[in-house]
Peer 1: 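Structure provided below as structure tokens; questions to follow.
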Amino acid sequence: MRLSSLLLLAAVLACVSLPLTSCEGKQLSKEKLLVVTVATKETDGFRRFLRTAKHFNYTVKVIGRGEKWKGGDYMGAPGGGQKVRLLKAALEEVKDQDKVILFIDSYDVVFASGPKELLKKFQQARHKVVFSSETLIWPDRHLEDKHPHVREGNRFLGSGGFIGYLPNIKELVADWSGEDDDSDQLFFTKIYIDAAKRKSINITLDSKCRLFQNLHGSLDEVVLKFEDGRVRARNLPSDTLPVVIHGNGPTKLQINYLGNYIPNTWTFESGCTACKEQLLPLAGLKESEHPLVVLAIFIQQPTPFVTVFFERLLKLQYPKNRIKLFIDSRETHHERHVSSFLRDHGSLYHEVKFIGPEEKMDGAESRNLGFDFCRKDADCDYFFSMDVEVVLKNENTLKILIEQNLPIVAPMITRAGRLWSNFWGGLSADGYYARSEDYVDIVQGRRVGVWNVPYLSSVYLVKASVLRSELTDFELFTSHTLDPDMAFCHNVRAKGVFMFVSNMHTFGRILSTENYQTNHLHNDLWQISENPVDWEERYINENYTRIMQDKLIETPCPDVYWFPVFSDVACDHLVEEMEHFGKWSGGGSKDTRIQGGYENVPTIDIHMNQINYEKEWQKFLLEYIAPITEKMYPGYYTRCSTPLNFVVRYKPDEQPLLVPHHDASTFTINIALNSKGVDYQGGGCRFLRYDCSVQAPRKGWALMHPGRLTHYHEGLPTTAGVRYIAVSFVDP
Ligand SMILES: *[C@@H]1O[C@H](CO)[C@@H](O)[C@H](O)[C@H]1NC(C)=O
Ligand SMILES: *[C@@H]1O[C@H](CO)[C@@H](O)[C@H](O)[C@H]1NC(C)=O
Ligand SMILES: *[C@@H]1O[C@H](CO)[C@@H](O)[C@H](O)[C@H]1NC(C)=O
């Protein structure tokens with residue numbers, strides 16, 4: 001190696017290792033930096049930008065506020081000339097000629113780091129003006145060859161972000177005389193590809209994304225990087241950590257996704273920080289001071305547990321006189337549920353607006369109308385939309401959502417035991433469902449926060465002020481190609497309004513409405529497989545789950561076990577269902593319903609299979625009876641493949657009792673479906689061998705006893721009223 005090159009190498013090394021002062025002049029001080037951005041409107045994206053700017057203490061000058069935007073469509077087409085005009089004018093007002101200007105978009109930009117790092121990287125670029133770079137050329141592809149080659153990274157200029165010394169930036173925009181809807185990107189590109197101008201203004205591109213990351217064309221290259229208490233984006237090919245992240249072009253959803261983390265919106269260390277800011281506390285407000293909410297309920301298909309929905313609605317923690325109900329019930333099947341609720345409780349609410357099936361509105365129309373009901377009502381502060389299949393277990397949901405103080409926010413609900421939720425984390429290119437990287441973590445509660453998402457449905461809160469500003473379009477739900485929910489979200493996204501989903505609390509779940517038959521009186525009884533959690537809550541005794549640990553199983557007679565299994569509602573529904581069906585057997589020994597056609601000890605009864613309840617009953621036995629059988633008769637396992645399940649009716653003038661008999665079973669389940677002393681007198685069951693009786697059956701409690709050989713028994717006379725029991729002969 002020659003001496004001269006050694007010296008050169010030493011000089012380079014010195015420069016790298018010495019503080020910048022010795023090579024580039026002084027490190028620029030933070031005070032020298034001025035961020036300039038155009039925002040004609042205060043969009044949600046703009047507010048997000050400001051939050052990140054404030055987090056890092058950037059000084060931001062916002063220009064164009066309140067001015068009408070004429071710079072072209074925010075989503076497509078060239079445009080943006082208005083920004084150049086506004087910038088040019090604004091620079092005239094900057095007095096300090098030493099200023100460094102960072103000019104960036106703001107609706108779709110977040111800062112990932114602070115001024116110090118930005119300025120340092122700017123100085124290291126050793127040019128007077130540094131433009132952000134892009135992988136794609138736009139808007140004029142024909143200019144490709146004119147672009148200087150770069151050794152690594154992106155070759156094309158992006159106008160969404162650049163930084164430079166004031167005099168150079170002034171020179172850059174000096175020749176602007178275009179129209180507001182001319183392309184700013186084309187204007188700057190033409191300067192950049194002009195070698196003379198590039199040299200005189202001293203422009204370079206940030207090809208390796210050390211300062212700026214434009215997402216368009218680079219989505220696969222950018223990943224989140226979690227470091228102590230903060231989150232950045234990493235550009236993989238260049239292995240850089242850009243300072244400014246820009247969701248340019250069609251990458252608004254990706255910047256929303258990244259913005260859920262960067263710079264500290266959500267971190268592993270402190271969880272969600274942004275969602276604890278700017279809350280709107282309701283605590284301490286008098287009832288009359290609560291915001292007025294239009295609570296809309298949409299019943300658009302036959303749905304299980306609608307009566308339970310209304311019971312829960314009553315328990316929602318919010319002053320009812322600050323709620324106006326809007327009920328769209330297109331489903332005739334549920335008319336009786338809605339009208340009985342309104343008859344009993346409607347007057348508690350501030351106002352009730354009811355849209356019945358006779359109005360013949362489709363799903364989109366009634367939702368449009370619901371929004372308008374709030375929009376046009378000057379008193380309306382919030383619109384809370386709820387589909388009837390939503391099971392809101394959290395009584396504070398409405399309050400929690402209002403306090404979150406966001407334009408649109410949904411409580412996260414999921415389908416019990418499945419990876420189904422009322423939001424999407426991502427969107428496919430054609431606008432349908434796509435799974436975001438964090439989707440599973442959010443649904444399963446490993447990441448807890450308030451998330452900006454592209455799609456939500458089923459239950460959400462909308463600020464009325466947003467309905468009266470960005471979302472004034474009456475037909476938000478209407479579309480030729482999309483279903484109403486997708487049309488709504490599409491329109492909301494197009495208006496730049498943010499939708500959030502919160503999993504900060506457990507809110508509830510959503511029912512499956514598939515396979516819901518409406519041909520019975522109490523159709524919910526049939527939901528044991530489709531909606532098992534809701535079925536259990538409705539129909540299984542509240543004490544059932546603790547019968548083992550709390551030793552609630554009683555032994556009234558030898559080898560006879562007695563325990564709570566059904567809720568009162570289950571008993572009532574089963575009896576009503578049987579009476580509704582009404583085809584009680586005559587009680588004679590000839591019985592075509594059973595094998596052999598002959599019944600030794602006939603009862604007045606209806607078999608479960610007569611009301612098409614055999615499958616469900618067997619599932620009930622397997623889920624709720626078999627585990628107890630196996631505990632109480634150790635070593636005995638049952639598949640509960642029972643030949644006979646039925647409801648018996650005892651009545652003094654019909655069949656008051658049953659003579660002593662053996663059951664044709666290995667063991668028998670006998671569940672009391674109503675209450676002694678209330679519904680009937682007498683009754684009970686006596687085991688002759690032990691001379692032992694259960695005289696006072698308890699409603700919802702099951703008696704379990706061996707059938708053949710040992711437990712010869714009789715049904716004691718019912719002396720008044722009507723007694724019902726549900727019986728299963730389990731074999732083997
Ligand atoms: C921003 O400024 C405040 C005080 O003005 C200071 O407490 C805070 O640490 C600064 N933040 C950063 C990221 O520099
Ligand atoms: C740009 O300016 C730097 C000093 O900041 C200088 O070293 C470099 O040669 C200039 N480049 C051009 C192309 O003028
Ligand atoms: C459950 O048990 C408690 C006492 O432990 C009792 O007060 C309550 O009534 C029981 N619930 C039902 C449905 O039987």
Side-chain angles (χ1 to χ4, degrees), residues 536-575 603 617 620-638 640 642 645-648 650 657-658 660-663 665-719 721 723-732:
E536 176 171 314
E537 277 186 6
R538 185 72 164 157
Y539 291 130
I540 292 298
N541 191 290
E542 58 174 331
N543 293 327
Y544 172 82
T545 49
R546 55 185 194 92
I547 56 180
M548 287 300 176
Q549 84 200 45
D550 293 354
K551 303 200 167 50
L552 295 187
I553 303 185
E554 298 180 21
T555 315
C557 303
D559 271 335
V560 176
Y561 298 105
W562 200 19
F563 54 89
V565 64
F566 269 162
S567 67
D568 270 10
V569 176
C571 298
D572 296 347
H573 281 190
L574 200 51
V575 168
T603 48
W617 190 261
F620 157 71
L621 292 175
L622 265 178
E623 293 285 321
Y624 299 99
I625 300 295
I628 296 178
T629 315
E630 287 161 16
K631 281 264 172 33
M632 304 325 282
Y633 306 120
Y636 176 75
Y637 294 99
T638 177
C640 291
T642 62
N645 306 302
F646 50 96
V647 170
V648 181
Y650 289 116
L657 55 80
L658 199 58
H661 62 283
H662 282 297
D663 289 340
S665 69
T666 306
F667 72 92
T668 298
I669 297 294
N670 171 340
I671 305 173
L673 296 180
N674 55 1
S675 297
K676 183 177 170 129
V678 178
D679 304 303
Y680 63 90
Q681 305 293 335
C685 183
R686 188 167 83 95
F687 297 92
L688 281 74
R689 183 182 173 126
Y690 311 102
D691 191 21
C692 174
S693 312
V694 179
Q695 294 273 8
R698 300 172 192 158
K699 185 175 178 179
W701 283 54
L703 277 176
M704 181 166 77
H705 61 80
R708 300 188 182 91
L709 299 178
T710 50
H711 283 64
Y712 194 59
H713 60 286
E714 62 179 330
L716 298 171
T718 297
T719 54
R723 176 181 176 222
Y724 298 93
I725 54 173
V727 178
S728 281
F729 291 167
V730 183
D731 208 14

Peer 1: Decide yes or no for Leu703 and Pro556: does some side-chain heavy atom of the first lie under 4.5 Å from some side-chain heavy atom of the second?
Peer 2: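 Leu703 reaches Pro556 side chain to side chain.
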Peer 1: Which pair of heavy atoms, one from Ile669 and one from Ala702, lies closest together, and at what distance?
Peer 2: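 Answer, listing the atom of Ile669 first, then Ala702: CG2-CB, 4.3 Å.
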Peer 1: Under 4.5 Å between any side-chain heavy atoms of Ser665 and Val730, yes or no?
Peer 2: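 They are not in contact (no side-chain heavy atoms under 4.5 Å apart), so the answer is no.
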Peer 1: Give, for atom CH2 of Trp617 and atom CG of Leu574, the distance between the pair rounded to the nearest 0.5 Å.
Peer 2: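 The CH2 atom of Trp617 sits 5.5 Å away from the CG atom of Leu574.
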Peer 1: If the condition is ring-ring contact (aromatic ring centres under 6.0 Å, His included), which residues does Tyr650 pass it with, not counting sequence neighbours?
Peer 2: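 Result, ring-ring contact (aromatic ring centres under 6.0 Å, His included) vs Tyr650: none returned.
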Peer 1: Give the minimum heavy-atom separation between Gly684 and Pro697, together with the two atoms involved.
Peer 2: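 Gly684 and Pro697 have their closest heavy atoms at CA-CG, 4.0 Å.
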Peer 1: Minimum heavy-atom separation for Arg723 and Leu716, please, with both atom names.
Peer 2: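 Looking at all heavy atoms of both residues, the shortest contact is NH1-O, 4.5 Å.
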Peer 1: Considering non-hydrogen atoms only, spot the tightest contact between Ser728 and Leu621 and give its length.
Peer 2: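 Smallest heavy-atom distance, with atoms named: OG-CD1, 3.8 Å.
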Peer 1: Just how far is it from atom CD1 of Ile671 to atom CD1 of Ile625, taken to the nearest 0.5 Å?
Peer 2: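 It is 5.5 Å, given to the nearest 0.5 Å.
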Peer 1: Nearest 0.5 angstrom please: Ile547 CD1 to Tyr561 OH, how far?
Peer 2: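 Interatomic distance, Ile547 CD1 to Tyr561 OH, rounded to 0.5 Å: 13.0 Å.
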Peer 1: Phe563: which residues meet the ring-ring contact (aromatic ring centres under 6.0 Å, His included) condition with it, sequence neighbours left out?
Peer 2: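 Partners of Phe563 by the ring-ring contact (aromatic ring centres under 6.0 Å, His included) criterion come out as none, since no residue qualifies.
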Peer 1: Considering all heavy atoms of both residues, which atom of Gln695 and which atom of Lys676 are nearest to each other, and what is their separation?
Peer 2: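 Heavy atoms of Gln695 and Lys676 come nearest at O-NZ, 2.9 Å.
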Peer 1: Less than 4.5 Å apart, side chain to side chain, heavy atoms only: is that true for Thr629 and Met704?
Peer 2: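 Of all side-chain heavy-atom pairs linking Met704 with Thr629, at least one is under 4.5 Å.
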Peer 1: I'd like to check His573 versus Arg538 (side-chain heavy atoms, cut-off strictly below 4.5 Å). Are they in contact?
Peer 2: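 Yes. Closest side-chain heavy atoms under 4.5 Å.
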Peer 1: For the pair Thr555 (side chain) and Cys557 (backbone), establish whether a donor and an acceptor sit closer than 3.5 Å, ignoring hydrogens and angles.
Peer 2: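 No: the side chain of Thr555 does not pair with the backbone of Cys557.
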Peer 1: Give a yes or no on whether the ring-centroid distance for His661 and His713 is below 6.0 angstrom.
Peer 2: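 They qualify: ring centres under 6.0 Å apart.
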Peer 1: If I take atom CG from residue Asn541 and atom CD from residue Glu536, how far apart are they, to the nearest 0.5 angstrom?
Peer 2: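 With rounding to 0.5 Å, CG (Asn541) is 11.0 Å from CD (Glu536).
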Peer 1: Could you go through the side chain to side chain contact (heavy atoms under 4.5 Å, CB included) check for Val575 and Asn674 one step at a time?
Peer 2: CA-CA 9 Å; Val575 168; Asn674 55 1; 5.6 Å; no
Peer 1: Would you please indicate yes or no on a ring centroid separation below 6.0 angstrom for Phe566 and Phe620?
Peer 2: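 Under 6.0 Å, so yes.
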Peer 1: Compute the centroid of each ring, for Tyr680 and then for Tyr724, and state whether the two points are separated by less than 6.0 Å.
Peer 2: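 Not under 6.0 Å, so no.
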Peer 1: Using the rule given for side chain to side chain contact (heavy atoms under 4.5 Å, CB included), can you reason through Thr603 versus Phe646, listing the C-alpha separation, both sets of side-chain angles and the distance that settles it, and then say yes or no?
Peer 2: CA-CA 10 Å; Thr603 48; Phe646 50 96; 4.2 Å; yes
Peer 1: Can you confirm whether Asn543 sits close enough to Trp701 that some side-chain heavy atom of one is under 4.5 Å from a side-chain heavy atom of the other?
Peer 2: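 Not in contact.
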Peer 1: With rounding to the nearest 0.5 Å, note down the distance linking CG in Asp679 to CG in Asp572.
Peer 2: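 Atom-to-atom, Asp679:CG and Asp572:CG are 8.0 Å apart.
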Peer 1: State which residues pass salt bridge (charged side-chain N to carboxylate O under 4.0 Å, His left out) with Glu537; sequence neighbours excluded, sorted by chain then number.
Peer 2: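 Residues passing salt bridge (charged side-chain N to carboxylate O under 4.0 Å, His left out) with Glu537: Lys393, Arg509.
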Peer 1: Find out whether Tyr633 and Pro706 are in side-chain contact, i.e. whether some heavy atom of one side chain is under 4.5 Å from a heavy atom of the other.
Peer 2: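 Contact flag for Tyr633/Pro706 side chains = yes.
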Peer 1: Using modelled atom types and a 3.5 Å cut-off, is there a donor and acceptor pairing between side-chain atoms of Tyr544 and backbone atoms of Ser567?
Peer 2: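 Side chain of Tyr544 to backbone of Ser567: no pair is present.
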Peer 1: Could you measure the distance from the CZ atom of Phe729 to the OG1 atom of Thr666? Nearest 0.5 Å is fine.
Peer 2: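 Reported to 0.5 Å precision, the distance equals 11.5 Å.
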Peer 1: Going by heavy atoms in the side chains, are Ile553 and Met548 under 4.5 Å from each other?
Peer 2: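 Touching, per the 4.5 Å side-chain cut-off.
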Peer 1: Are the side chain of Asp550 and the backbone of Leu552 linked by a donor-acceptor contact shorter than 3.5 Å?
Peer 2: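 Such a contact is absent between Asp550 side chain and Leu552 backbone.
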Peer 1: Does the pair Leu688 and Glu714 meet the rule for a side chain to side chain contact (heavy atoms under 4.5 Å, CB included), with working shown?
Peer 2: CA-CA 8 Å; Leu688 281 74; Glu714 62 179 330; 4.0 Å; yes
Peer 1: Where do Glu554 and Val560 land on the side chain to side chain contact (heavy atoms under 4.5 Å, CB included) test, with the steps shown first?
Peer 2: CA-CA 8 Å; Glu554 298 180 21; Val560 176; over 6 Å; no
Peer 1: Looking at every non-hydrogen atom in both residues, tell me the closest pair between His711 and His662 and how far apart they are.
Peer 2: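 In terms of heavy atoms, the two residues are closest at C-ND1, 4.2 Å.
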